[in-house]
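Reading through the C-alpha cells given below for one structure.
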Amino acid sequence: MNKTFGILAHVDAGKTTLSERILYRTGAIRTCGRVDDGAAYLDSDRIERARGITIFTGQAHFCYEGCEYDLLDTPGHADFSAEMERAIRAMDYAVLVVSAAEGVQGHTLTIWRILEQAQVPVFLFVNKIDRSGADRDRVMEEIRRLLSPDAVWLEQSEACAESIAERDDELLEQYLLGECTPEDLEQGLIDLIAARRIFPCMSGSALQDVGVAEFLRAFHRLTVPRIPEQARAFRIRRDAGGTRLTFYKVGQQPLAAKSVLDGEKINEIRLYHGEKYTTVQSAPPGCICAVTGLTQPLPSEGECQPILRARVESEHDIHAVLRMCRILEEEDPALQVQWNEETQEITIGVMGRVQLEILCEIAQERFGIPIAFGKSTLIYRETIAAPAAGFGHFEPLRHYAEVHLWLEPGSRGSGITFRSGLKTDVLDAHWQNLIQTHIFEREHRGVLTGSPVTDICFVLANGRAHLKHTEGGDFRQATWRAVRQGLMSAQSILLEPVYAFRIQCEIDQIGRILSDLTARHCETEPPEIGAVHAEITGRGPAAELLDYPEELTDLTRGKGTMALRMDGWQECHNSAEVIERIGYQAERDTEQPMHSIFCSHGAGYPVPWDEVPQAVHCEKRPYEEFI
C-alpha cells in the first residue's frame, strides 16, 4: 500500500523542518537537519543549501506502521510556485503548514487555491507554537475565515465529533441517538477528509519535535491510498550525468522496465530517496518513481504562470545559451523560452527577482555558462470584446485547405477552448480533429502587442478539403491564418496581470496607504480595524504593485507588511500607453501571417487579410447558427 503526500507552506513557515522531523521519526534519516544551517536532507542542491530555501521538490520514502509513504517537500517561495504546482499533480494528500506567529500569509492563499483546483484533500499543521507571538486560536480563526470554514481541530475530540456528525445525515441521526461508535466517527472522518468536506488541523513545533508524533499517527490513521487510473508525469529533472528523468505517480497498473509508456519505451526505473536511488524492475501502483528513456514534455501548466519576461544576456555562444534554456524549459515549462531569430535574442518568463538570481547560478554551475538578465518587463495578454469571424485559406499548387472560425469571448481565466459546429458530412471528423489540434499546438499572438491571446473559444464554422491535394499540414496553415485573420477583424482588449494584496499596518497609517493604493488604480475592501493594527485587502494592477512592498516598508518604518499573490487578469488600466511603448506591428510579424494563399492558373498568390472574406470558397455561415 503506497500513499503520497506533499508538504506545502508560505516560505519560512517550517515546511522543510516538519519534513525532516517526520523522516527522522520514521527512521528514514539518522539525523534531523536544519534549513538555516544548510544541512536539510531534502534540500540537497548546493544552491538550496547556500540560500536556505527550497527550490526543487525534494522526495523521500519511508515506511510507517506497515504502509509505504512517498513524501514531497515543495518550494515555499512564490517565485517557484510552478515547481510546487507540478508536484501537487502527484499528491494523494497535502499537508499545509501555517506559522502560529505569522498566520495565513499571501502565498498560503495561492497554495490553497491550487489545492482546491486540483481537489487534493488537505491536513493543516499549525507550526511554531513555541514562538513569541504565537496564537493558535487567532490562526485558526484566520484559517476558517480565509481558507475554509470546514477546518476542524483534531485535538478537540468532542468538537471534532460534532463536526463529523453535522456533515453526514446518517451519522448525525446515530450521534443524536447516542448510537454512534468511535469506529463510525473515524470512518466518517476518513470519508469527509477524502471528499474535502473537512480539513483536519493539528498544532506543534517541528523544530522542538512537539506534536509531530501525534500528527503522524493521525495522518496515518485518517488517510487512504488515492491511486490514479493512469500513470501521471509531474516532473522532469536530469541526474549528475545528464540523464533525463521523468518522475511519475504510478497508476493502478505497475510500471515495468522495458515496457511502453506514453508511446515510448522505458529503459530504467528508479526509486529515489533524497539524492540516492535504487534501480528496480517494476514500480507498484501508487508509488513515485523516475524513469529514463522518455522524451515527452510535461503536461501544460496550470495556474502559476510567469508575469515577467526577461532578456537573457551572455557573451557565450548564443546558440549554446539557447540549448541550455531549452533544457531548463523542459524541466520548468513555465519559463516559456522565446527565441527571436531576427534580433538573436532569448527571453524567458519568470515570477520574480529571486528566480532570476537562481537561474544565473544554475547556468554557471550546471552548464558552465555565465548569464545575466536585462530589465524585466511585465507580461500582458490579449482577448476580444465581441464575436468575430476568421477565415483562412491555403492553396499553393497541389495543396488545399479552408477554415472558417467564429471567435467568441470567454470568461476571465477560461483560456483557449474549441468546439465544432460542423457535421461530419460537411467536413470529415479527421480534418475537424486536425483543426482542433492546430488551434492548441501553438501560442497565438494578439494584434495589439503580440502578447498571447486567452479567454477565447474558437468555434469551427465551416471548412473544406480537396479529395486529392489536401495534406495535414495544409489545415495547419489554414487554421493559423483563420485565427490571425479573425483577430485582425476583432475588437481586441489588452489584459494585465492583477495582484490580490493583504496589508497589515498601524491604525494611524491607514489614510496614507489607502491614498497610495487609489493612486495605483487599486480596489480595496473596508479596512478591518483592531485595537492597534489594521488590515487592508484588495486587488490592483501588478505593474503598480510590484515595488510597493518595499515602499510600504519605508513608509511605515518597517511596521507595515504587504503580501501579494497573483489573482488573474483584467483589462489593462493604461492600454494606450502600453501599446505605444511595446510598438508591436502585427502586419510585420512573419511568424504569424494574416494573409491567405489562393491559386490561379497553376500558381499560388497571397490575398491580404481584409480581402480574404470576399475570396473564400465555402459558404460564410452566420454566428447565430453557433450560439
Side-chain angles (χ1 to χ4, degrees), residues 1-9 13-32 41-42 59-73 91-100 120-130 134 136 139-140 143 150-165 171 180-226 273 286-288:
M1 183 169 63
N2 284 81
K3 300 179 191 176
T4 300
F5 70 100
I7 300 192
L8 309 97
K15 165 188 57 62
T16 299
T17 304
L18 178 60
S19 301
E20 297 278 320
R21 187 63 65 179
I22 289 172
L23 294 179
Y24 178 70
R25 276 202 155 270
T26 56
I29 58 177
R30 294 181 180 178
T31 58
C32 202
Y41 179 79
L42 289 168
Q59 177 180 332
H61 182 85
F62 65 88
C63 182
Y64 182 78
E65 299 292 334
C67 183
E68 303 291 326
Y69 283 91
D70 286 301
L71 183 155
L72 301 176
D73 178 37
M91 295 178 190
D92 300 337
Y93 293 85
V95 177
L96 181 60
V97 182
V98 180
S99 168
V120 176
V122 182
F123 285 69
L124 291 107
F125 186 79
V126 179
N127 193 28
K128 301 187 177 183
I129 59 170
D130 56 322
R136 239 178 48 121
V139 172
M140 178 53 105
I143 289 170
D150 296 317
V152 174
W153 281 122
L154 283 186
E155 297 149 345
Q156 298 173 357
S157 56
E158 186 174 336
C160 184
E162 291 176 0
S163 297
I164 298 166
L171 277 180
C180 195
T181 67
E183 291 76 19
D184 292 334
L185 284 171
E186 181 163 304
Q187 186 57 54
L189 181 55
I190 290 170
D191 295 340
L192 289 166
I193 292 169
R196 287 179 50 88
R197 293 177 59 197
I198 275 185
F199 301 99
C201 303
M202 295 185 74
S203 62
S205 169
L207 186 61
Q208 302 299 329
D209 197 17
V210 175
V212 178
E214 293 81 358
F215 176 81
L216 187 57
R217 281 196 296 270
F219 184 84
H220 173 71
R221 197 177 72 247
L222 299 174
T223 55
V224 294
R226 302 174 71 243
H273 181 58
C287 85
I288 299 294

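Numbers for residues simply follow the sequence, beginning at 1.
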To the nearest 0.5 Å, what is the distance between [atom1] on [X] and [atom2] on [Y]?
X	Y	atom1	atom2	value
N127	R21	CG	CZ	10.5 Å
L185	I164	CG	CD1	5.0 Å
L18	L207	CG	CG	11.5 Å
S99	F125	OG	CZ	11.5 Å
I198	S163	CD1	OG	5.5 Å

If you look at every heavy atom in [X] and [Y], which pair is closest and at what distance?
X	Y	answer
V139	V126	CG1-CG1, 4.1 Å
M140	V152	CE-C, 4.1 Å
R136	S203	NH1-OG, 3.1 Å
D70	C287	OD2-CA, 3.6 Å
S205	D130	OG-OD1, 3.1 Å
V97	A9	O-CB, 3.3 Å

### Message
So if I apply the side-chain contact (heavy atoms from CB on, under 4.5 Å) rule between I22 and each of Y64, F62, Y69, which one comes out positive?
### Response
F62

### Task
Check the side chains of T16 and D73 for a donor-acceptor pair under 3.5 angstrom, ignoring hydrogens and angles.
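On atom types as modelled, these side chains qualify, holding a pair under 3.5 Å.
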
Measure the shortest side-chain to side-chain distance between [X] and [Y] over non-hydrogen atoms and say whether it is less than 4.5 angstrom.
X	Y	answer
I193	P200	yes
R25	D209	yes
V95	L8	no
L154	L222	yes
H273	Q59	no
I29	E20	yes
T223	F123	yes
F199	L124	yes

Does [X] reach the main-chain N or O of [Y] with its side chain, forming a donor-acceptor pair under 3.5 Å?
X	Y	result
R197	L192	no
D92	T4	yes
K3	H220	yes
R196	P121	no
Y93	V224	yes

### Query
In this structure, are over 12 heavy atoms from other groups packed under 6.0 Å from Y24 atom OH?
no

### Message
Let's go through H61 and E68 carefully: what are the C-alpha distance in whole Å and the side-chain angles of both, what is the deciding distance for side-chain hydrogen bond (donor to acceptor under 3.5 Å, both in side chains) to 0.1 Å, and is it a yes or a no?
### Response
CA-CA 7 Å; H61 182 85; E68 303 291 326; 2.5 Å; yes

